[in-house]
Amino acid sequence: MKINAKDLAAGLVLLAFAVAGLYLNLDHTLGNARRMGPGYMPMLAFGLLFFLSITIMGLALFSGPDKLDRWAWREMFLILAAICVFGLILEKAGMLLTLTVTIAISSLADRTHKPLGVLGLIAFLVALCWLVFIYWLDIRIPVWPTYFAY
């Protein structure tokens, strides 16, 4: 049996998040598909993450040797920072500016990124997110920056 240590470690981390999320969601009422309670979507998402992590760990047992060398701390920090910045500035900065900043920060995690490719990605994802979330789903989030005074 050839074990892929990277995939196995990733599966264990995802499994830990799924189990923690499922445990913390036990106090919320689920409801049903027609009348969803506050715990319905989190239970669905964490359940899907649970089965995804089991699948990743199962495939890691047969996908060949791949040692777990070192953790990519810089890359992990930049991705987590981009997610935190998204959550912190979305309400005041608006969706378009927030997506631009988030994509720019997360693109720094790849040392081989090309600025023109990042600009193309920003343009595509901003247009796609506007089309899906604002136009089709009519989600009420600010599109443009609002006044930054508190």
Side-chain angles (χ1 to χ4, degrees), residues 4-57 59-60 66 68-150:
N4 187 332
K6 289 180 183 177
D7 286 351
L8 190 63
L12 287 172
V13 169
L14 291 175
L15 182 67
F17 277 119
V19 169
L22 288 169
Y23 176 74
L24 291 173
N25 196 39
L26 288 176
D27 292 339
H28 297 99
T29 56
L30 292 178
N32 55 33
R34 178 174 282 214
R35 197 167 164 90
M36 297 179 194
Y40 188 84
M41 283 306 290
M43 188 69 70
L44 191 64
F46 286 122
L48 184 63
L49 183 63
F50 179 83
F51 288 113
L52 178 66
S53 64
I54 297 296
T55 304
I56 290 172
M57 288 190 305
L59 292 173
D66 193 5
L68 185 62
D69 297 328
R70 66 169 187 88
W71 288 94
W73 293 107
R74 177 183 178 272
E75 290 83 358
M76 284 194 302
F77 173 76
L78 285 168
I79 298 298
L80 289 173
I83 294 169
C84 291
V85 165
F86 181 87
L88 290 173
I89 71 171
L90 177 63
E91 190 174 329
K92 292 287 184 182
M95 185 187 74
L96 301 179
L97 182 62
T98 302
L99 284 173
T100 302
V101 170
T102 303
I103 295 166
I105 292 172
S106 62
S107 72
L108 296 173
D110 181 17
R111 296 179 193 267
T112 63
H113 75 277
K114 294 181 174 46
L116 190 60
V118 174
L119 288 176
L121 181 66
I122 288 171
F124 173 73
L125 288 178
V126 164
L128 181 69
C129 288
W130 180 85
L131 184 69
V132 170
F133 295 113
I134 304 299
Y135 184 73
W136 283 337
L137 295 177
D138 197 27
I139 293 179
R140 303 288 178 190
I141 56 173
V143 177
W144 303 105
T146 57
Y147 185 62
F148 282 98
Y150 287 97

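Just so you know, residue 1 is the first one in the sequence shown, and it goes up from there.
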Which atom names give the shortest non-hydrogen contact between [X] and [Y], and what distance separates them?
X	Y	value
L8	A60	N-CB, 3.6 Å
P142	E91	CG-O, 3.3 Å
G39	L30	O-CD2, 3.3 Å
F46	A18	O-CB, 3.7 Å
T98	L90	OG1-CA, 3.4 Å
F51	T55	O-OG1, 2.8 Å

message: Restricting to ring pair (Phe, Tyr, Trp, His ring centres under 6.0 Å), what partner residues turn up for Y23, sequence neighbours left out?
response: none

With heavy-atom distances below 4.5 Å as the criterion, would you say the side chains of [X] and [Y] are in contact?
X	Y	value
L99	F86	yes
M43	L22	yes
C129	M95	yes
D7	L59	no

field: Sequence neighbours excluded - salt bridge (charged side-chain N to carboxylate O under 4.0 Å, His left out) pairs with any residue from residues 37-52
entry: none

Please identify each residue that fulfils salt bridge (charged side-chain N to carboxylate O under 4.0 Å, His left out) with [X], with sequence neighbours left out.
X	value
R35	none
R34	none
D138	R140

Rounded to the nearest 0.5 Å, how far apart are [atom1] of [X] and [atom2] of [Y]?
X	Y	atom1	atom2	answer
I79	S107	CD1	OG	9.0 Å
I83	L78	CD1	CG	11.5 Å
L131	L137	CG	CG	9.5 Å
T100	I105	OG1	CD1	11.0 Å
L97	W144	CG	CH2	10.0 Å
S53	L15	OG	CG	4.0 Å

message: Under the ring-ring contact (aromatic ring centres under 6.0 Å, His included) definition, can you give me all pairs with a residue in residues 111-133, not counting sequence neighbours?
response: W130-Y135

query: Counting only heavy atoms not in M36, do more than 12 fall under 6.0 Å of its CE?
result: yes

field: Neighbour count above 12 (heavy atom, 6.0 Å) for L116 CG
entry: no

message: What verdict does the side-chain contact (heavy atoms from CB on, under 4.5 Å) test give for I141 and I134, after you've listed the backbone C-alpha separation in whole Å, the side-chain angles of each residue and the deciding distance to 0.1 Å?
response: CA-CA 8 Å; I141 56 173; I134 304 299; 3.8 Å; yes

